[in-house]
Number of protein chains: 2
Amino acid sequence: MQNIKPQRVLSAAEAVGPQVYRILREQIIQAELTPGERISEAEIAKSLSISRQPVREAFIKLSEEGLVQVLPQRGTYVTRISTASVMDVRFVREAIEADIVRQVAGEHTAGTVRELRDQIARQKQVPQDDRAAFLRLDELFHHTLAAAAGRAYAWSVIESVKAQMDRVRFLSVDDIQIGRLIDQHERIVDAIAAGDVGKAETALRTHLREILKSLPEIARARTEFFDGVA
Amino acid sequence: MQNIKPQRVLSAAEAVGPQVYRILREQIIQAELTPGERISEAEIAKSLSISRQPVREAFIKLSEEGLVQVLPQRGTYVTRISTASVMDVRFVREAIEADIVRQVAGEHTAGTVRELRDQIARQKQVPQDDRAAFLRLDELFHHTLAAAAGRAYAWSVIESVKAQMDRVRFLSVDDIQIGRLIDQHERIVDAIAAGDVGKAETALRTHLREILKSLPEIARARTEFFDGVA
DNA sequence: ACCACTTGACTTGTATGGTAGTAGGCTAGT
DNA sequence: ACTAGCCTACTACCATACAAGTCAAGTGGT
């Protein structure tokens, strides 16, 4: 007798734990699981028709990323966003990407410049209100920079770290900003094309500091998502 | 030779999983668990008189750090050191620490300079053959720099990443080097004391590139610890 | 001699049971 | 009415049982 399962959302090809991790991570970043919310192993396991063990492993990984807080024998909670930790993450990201972009500018190949300019063109076509789409393209842009420098590992470090930043970016409300961010992308690529290492670096650092400007405003507007220690 | 008594080596105050992780991590870095060696959940669980579950969680974390490779239904192996991944990690570390030392030099306080010089004095007192002792002091030195910049989080990222480098450093054979490393420490601190941001940065970058000089030699001398793709 | 196949002892992955600890509501006692 | 203390329901953590895959040695047939 075939056991007809209610359309399994999880792939059988991969271990279940990592899949649960990715699902929850996505939901936290997109604020579907709201900061402060309590989540439980048993509940999520039940909703996915799996056991508690893989869920537990996902919780552990999320807690290492600072997305949830596990209190033994008490419960697990989605962390509130901390402005301090966002700035910490941003610092690390800027440091790594600064060296990446220096390298790209130093060995600038025509191919990558063309690719980057192409991406910028696509960024401009994104409708003003579709923030998620722009964020995906922004992600791709930075990833492409890392790939062009042959720094796949460095990018993986950034990825594992930048979730805290992404949560904030997802909350951003003012769509006007997108235009400015694209301008900054253009400045970065221009510097790379010109082979101007210093200018490329400062352009990138400026770009990644943009979040600092909007952060206080967002924290004020969405106090329920942030922790108290401003 | 069966080791320790059934007496519990693990603390009851902390969860068992993280403790196992730290134990195994230390053993891998110090090459007590040799590259290529096969380890099993059940075996380690038995030797520590615990169940497989915490060991499994430790394995997962080690695999994320690239210290072991988990092959489902086949086994778990201590990874061989890859020169490529050592260089990848080094790149990330240099990028982060460069920005840290820039910051420290920019806001140089007399207290930290004194502390750092004090540490250098202690480094000089380490006997030539006690490499482990020097490595501890070197670790402390870099950690102090990060702390002085108020970058505890950035340091935690470095720590979670630098295991691959530490494995190599532990294999270093020539004790002569230690003197040179201490000289480099002094140059870094001198630049910080002088408030010379640029000089401090280049001094640190030079310092962290030192490993690149010895790496090929070590890889040649200990081929059994390294993977083939040189 | 050689090869297809079986078998069984491994491995990690998942499920489930048991334990200690916490939190908050409820009861019993004042 | 009020409070101390128990009680229940819940939690994460650990242990144990089961499932599924891998691999190599062994077996029987050709």
Side-chain angles (χ1 to χ4, degrees), chain A residues 1-25 28 33 35-79, chain B residues 6-25 28 33-79:
Chain A
M1 191 66 192
Q2 277 289 19
N3 185 10
I4 302 174
K5 291 178 183 173
Q7 54 173 8
R8 196 175 171 80
V9 275
L10 302 176
S11 160
E14 192 192 359
V16 178
Q19 299 185 65
V20 175
Y21 160 73
R22 284 200 304 273
I23 291 173
L24 294 178
R25 184 177 194 271
I28 292 174
L33 291 174
E37 183 174 351
R38 176 176 181 161
I39 56 181
S40 94
E41 291 180 1
E43 195 178 317
I44 291 174
K46 191 177 171 188
S47 78
L48 292 174
S49 304
I50 57 174
S51 76
R52 297 185 334 257
Q53 209 53 51
V55 179
R56 170 174 165 75
E57 287 162 14
F59 276 20
I60 292 175
K61 207 171 169 189
L62 289 170
S63 77
E64 285 162 6
E65 229 168 314
L67 293 177
V68 305
Q69 186 177 15
V70 178
L71 303 177
Q73 278 73 43
R74 289 206 269 171
T76 301
Y77 299 84
V78 178
T79 57
Chain B
Q7 185 71 3
R8 207 174 163 78
V9 272
L10 302 175
S11 160
E14 192 192 359
V16 178
Q19 299 185 63
V20 175
Y21 161 73
R22 283 201 305 274
I23 291 173
L24 294 178
R25 185 179 193 271
I28 293 173
L33 292 175
T34 63
E37 183 175 353
R38 176 176 180 162
I39 57 181
S40 95
E41 292 179 0
E43 196 178 315
I44 291 174
K46 190 176 171 187
S47 79
L48 292 173
S49 304
I50 57 176
S51 78
R52 275 180 46 215
Q53 209 53 51
V55 178
R56 168 173 168 76
E57 286 162 13
F59 276 22
I60 291 174
K61 206 170 169 192
L62 289 170
S63 77
E64 285 163 5
E65 230 168 317
L67 293 177
V68 306
Q69 185 176 15
V70 178
L71 303 177
Q73 279 75 40
R74 291 207 272 173
T76 301
Y77 299 83
V78 178
T79 57

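Predicted model only: the values in this text are computed from it and were never measured. In what follows, chains are A, B, ... by sequence order, proteins preceding strands, each numbered from 1.
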**Message:** Please tell me if A/Thr76 has a side-chain N or O lying less than 4.0 Å from either OP1 or OP2 of D/dT11.
**Reply:** no
**Nearest-angstrom distance from the residue atom CD of B/Glu41 to P of D/dA19** = 18 Å
**Asked** Does the side chain of A/Ile50 reach to within under 4.5 Å of the side chain of A/Val20, using non-hydrogen atoms?
**Response** yes
**Message:** Using whole Å, what does the distance between atom P of nucleotide D/dC14 and atom OH of B/Tyr21 come to?
**Reply:** 16 Å
**Asked** Is a side-chain donor or acceptor of B/Gln19 paired with a backbone partner of B/Ser11 at a separation under 3.5 angstrom?
**Response** yes
**Request:** Kindly give the heavy-atom pair with the smallest separation between A/Leu33 and A/Leu24, and that separation in Å.
**Result:** CD1-CD2, 4.0 Å
**Message:** Could you tell me how far apart B/Lys46 (NZ) and D/dT16 (C1') are, to the nearest whole angstrom?
**Reply:** 16 Å
**Asked** Contact class for A/Ile39 (heavy atom, under 4.0 Å): base, sugar-phosphate, or nothing?
**Response** sugar-phosphate
**Asked** Taking atom CG of A/Leu62 and atom CZ of A/Arg22, what is their separation to the nearest 0.5 Å?
**Response** 12.0 Å
**Item:** Among C/dT14, C/dG17, D/dA15, the one nearest B/Pro54 by side-chain distance
**Value:** D/dA15
**Asked** Shortest non-hydrogen contact from A/Phe59 to A/Val70?
**Response** O-CG2, 4.4 Å
**Prompt:** Tell me: OH of A/Tyr77 to P of D/dT11, nearest whole Å?
**Reply:** 9 Å
**Fill in**
Checking D/dA17, D/dA12, D/dC14 against the side chain of B/Glu57 (C-beta onward), the nearest is D/dC14
**Message:** With a 4.0 Å limit, can you tell me whether A/Arg56 has a side-chain N or O closer than that to the phosphate oxygens OP1/OP2 of D/dC14?
**Reply:** yes
**Request:** Return no unless some side-chain N or O of B/Ser51 is found under 4.0 Å from OP1 or OP2 of D/dA15.
**Result:** yes
**Asked** When the distance from CD of B/Glu43 to C1' of C/dA9 is rounded to whole Å, what number comes out?
**Response** 15 Å
**Prompt:** Can you find a heavy atom in the side chain of B/Arg25 that is under 4.5 Å from one in the side chain of B/Leu67?
**Reply:** yes
**Prompt:** Rounded to the Å, how far apart are A/Glu14 CD and D/dG21 C1'?
**Reply:** 17 Å
**Asked** Given D/dC10, is OP1 or OP2 found less than 4.0 Å from the side-chain N or O atoms of A/Ser40?
**Response** no
**Request:** Please tell me which of B/Gln53 and A/Ile60 maps to the more 5' nucleotide of DNA chain D, matching each residue to the nucleotide holding its nearest heavy atom.
**Result:** A/Ile60
**Request:** List the steps and the verdict of side chain to side chain contact (heavy atoms under 4.5 Å, CB included) for B/Gln53 and A/Glu57.
**Result:** CA-CA 10 Å; B/Gln53 209 53 51; A/Glu57 287 162 14; 3.8 Å; yes
**Message:** What residues from residues 68-75 of chain A pass a heavy-atom cutoff of under 4.0 Å to DNA chain D?
**Reply:** A/Val70, A/Leu71, A/Pro72, A/Gln73, A/Arg74, A/Gly75
**Message:** Using whole Å, what does the distance between atom C1' of nucleotide C/dG17 and atom CZ of B/Arg52 come to?
**Reply:** 16 Å
